[in-house]
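Notes to accompany the following structure.
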Amino acid sequence: MQKTRRTVLKALLAVPPSLAFLSDRMIAQAADLSLTPSCAGDEEETLEQTQGPFYRPDAPLRSSLGPAAAGQSAFTLCGFVIDTRCNPVPGAIVEIWHADHEGNYDNHGLGWRGHQVTDAKGRWGFDTIMTHHYSFRTAHYHFRIKVPGRPLLTTQLYLPDHPRNENDHLFDPRLLMTLDRKNVVGRFDFVVAA
Ligand SMILES: [Fe+2]
């Protein structure tokens with residue numbers, strides 16, 4: 001029993017204390033993005049998309065995948081996980097993985113991969129870099145959202161007006177992020193079944 005408590009405490013201490021307020025800060029840095037999810041109460045569940053070949057398990061718990069190096073552009077992705085009735089979903093595991101600034105995945109290590117757990121308001125956010133298109137794929141970020149007791153949601157997010165979007169048969173406009181005016185913050189609210 002005591003060992004279990006210690007293990008749980010250790011896990012909690014491993015979470016950076018700033019994580020809970022991270023996505024508010026991220027959203028607030030883009031003054032033109034709403035601080036609350038846009039939700040009418042009859043939302044459609046977020047569209048599922050293929051996982052693709054480059055998923056790797058055990059992505060670390062972290063909110064910053066960077067920092068951006070020379071030649072890379074810093075980019076922040078953030079938003080909420082809500083259900084179809086607009087309720088925030090706390091405790092959801094949000095996992096991200098994406099190609100780097102040249103369209104390459106880290107298939108040996110865990111670069112540009114991470115996960116976090118939504119806070120009481122259902123918020124998530126990652127500081128990372130702008131990804132790049134590769135092969136027939138337009139620029140995209142992969143996500144898996146796991147809510148306890150519900151099916152895994154696997155999907156991808158896209159950038160508005162990316163010149164490759166229309167040539168990628170997997171692209172779907174329902175998965176477009178909203179960008180701030182400076183194009184450095186992308187916002188998307190994942191919707192899961194109520
Ligand atoms: Fe991909």
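Remember, it's a predicted structure, so these values are computed and weren't measured experimentally. Both ligands and their constituent atoms are indexed starting at 1 by order of listing.
Met177 CE to Asn183 CG: the interatomic distance, rounded to the nearest 0.5 Å, is 10.5 Å.
For the Fe ion (ligand 1), the N/O/S atoms of His142 include one lying under 2.8 Å. Taking backbone and side chain together, Gln156 holds no N, O or S atom under 2.8 Å from the Fe ion (ligand 1).
A donor-acceptor pair under 3.5 Å is absent between the side-chain atoms of Thr131 and the main chain of Ala139, judged by distance alone. For the pair Ser73 (side chain) and Met130 (backbone), a donor-acceptor distance under 3.5 Å is absent.
When NE2 of His140 and OH of Tyr134 are joined through the Fe ion (ligand 1), the resulting angle is 100° to the nearest 10°.
When Arg137, His98, Gln51 are each tested for a side-chain hydrogen bond (donor to acceptor under 3.5 Å, both in side chains) with Gln156, only one passes: Arg137.
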